[in-house]
Amino acid sequence: MAPAPRRERFLSRGEGPLTHWHGEPVAVWEGLLEVPRFEAWGAVGSTNDRVAELAREGAPPFTTVVADAQRSGRGRGGRSWASPPGKGLWMSVLLPASPGEARLLVPLVVGLAVARSIEALCPSIRARVKWPNDVVLVPEGARAHPRKVCGILCEGVGTDVVAGIGVNVAQLPSDFDPEIRSRAVSLAMAVGEAPPHGRLAREILGQLRSALARPTFRLEGAFAGELRSRDALLGRRVRVTGGPEGIARGVDHTGALLVEVGVGDLRRVMAGSVHLADEAE
Ligand code: BTN
């Protein structure tokens, strides 16, 4: 995908830290969300940067920052992430330290937490994880194209990880840049009335707490089974940018994508962007 133009948005009001978020004082949200520290901003550069700043000051795991808008929200690969006011849940969470070899698994765990949350709040939706860091909605009809509803950006700060989660909540098709419009979707587009941001944040944080309560060093057991059942790429022909093209055969225990390039010839992909082979990049 071509890099999106960089957006700098300046709001006329509610730019700094907020005392209230979605009708409740921020201190009340801290309790509702069951996090040790919570900040809500009207507009911020990037919630990932703010959480990284707090982490460097010694903030505890599950410190969480949300913003109504981000002036320089970012996605993977140096791309910008459009974060218009009120349209999405723009949230970052400081995750407990995990060993280096588990780093590839962290975005997948976060993706599962988001997919579960979306289905818990919007039961008519089928949410899937698209390796390595997207949550997509798959319309009924097996070969239908998945559309991205959430992007995840995990960044290291020392031994900690900041998980940035951008969920498209209230956008209409015209709110998306033309170059991503056919591949993006919001919860409102999918179900008519999207869940409130606060309920979504609460659900995601609850799912993250339970997913991270056990070690995520290896992809095995129930976690592996659920990821396989939610794998948006499994069995589809895929093209990895700068990598192989073949049939996606799931994810191995380290979190690497397996691509079958010839009969029985599996390639492990550790990083990159993946497209369905018949989908425009
Ligand atoms: C991607 O799909 O490329 C990842 C997008 C991640 C966007 C979220 S929004 C909250 C957090 N703050 C950021 O600047 N980025 C992440």
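In each ligand, atom 1 is the first atom listed, and ligand 1 is the first ligand listed.
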Verdict with reasoning, N48 to S46, per side chain to side chain donor-acceptor pair (under 3.5 Å) | CA-CA 5 Å; N48 267 30; S46 156; 5.0 Å; no
Margin query: S72 versus ligand 1: do any nitrogen or oxygen atoms come within less than 3.5 Å of each other?
Written below: no
- Query: Side chains of V66 and W41: closer than 4.5 Å at any heavy-atom pair?
  - Reply: no
Counting from 1 in the order shown, the ligand 1 atoms closer than 4.0 Å to a non-hydrogen atom of T47 are 10 (C), 11 (C), 12 (N)
Quick check: does W81 get an N/O under 3.5 Å from an N/O on ligand 1?
no
Does R230 CZ have over 12 foreign heavy atoms under 6.0 Å away?
yes
- [ ] Say whether S92 and ligand 1 are in contact under the criterion: heavy-atom distance to a ligand atom below 4.0 Å.
- [x] yes
In terms of its nearest heavy atom to atom 4 (C) of ligand 1, the top option of V162, I165, D134, I152 is I152
Atom 8 (C) of ligand 1: closest protein heavy atom, distance to 0.1 Å, is G166 N, 3.7 Å
Given the options L108, V109, L105, L227 meets side chain to side chain contact (heavy atoms under 4.5 Å, CB included) only with L108
In ligand 1, the atoms that come under 4.0 Å of a heavy atom of G75 are 1 (C), 3 (O), 4 (C), 5 (C)
Min over K148, E155, R74, R79 of heavy-atom distance to atom 1 (C) of ligand 1 lands on K148
Any chance the side chains of T241 and S273 put a donor and an acceptor closer than 3.5 Å?
-> no
Tested for side-chain hydrogen bond (donor to acceptor under 3.5 Å, both in side chains) against D134, the lone hit among R128, R76, R147, K148 is K148
Query raised in the report: Side chains of K130 and V135: does their closest heavy-atom pair fall under 4.5 Å?
Result: no
- Quick check: does R76 get an N/O under 3.5 Å from an N/O on ligand 1? yes
So the atoms of ligand 1 within less than 4.0 Å of a heavy atom of M91 turn out to be 10 (C)
> Under a 4.5 Å side-chain heavy-atom rule over Ile, Leu, Val, Met, Phe, Trp and Tyr, are V35 and L32 clustered together?
Replying inline: yes
Atom 9 (S) of ligand 1 has as its nearest protein heavy atom Q70 NE2, 3.3 Å
If we number the atoms of ligand 1 from 1 as shown, the ones under 4.0 Å from a heavy atom of S46 are 12 (N), 13 (C), 14 (O)
Numbered in order shown, the ligand 1 atoms found under 4.0 Å of a heavy atom of G73 are 14 (O)
*Are the side chains of D68 and L18 in touch, meaning some heavy atoms are under 4.5 Å apart?*
yes
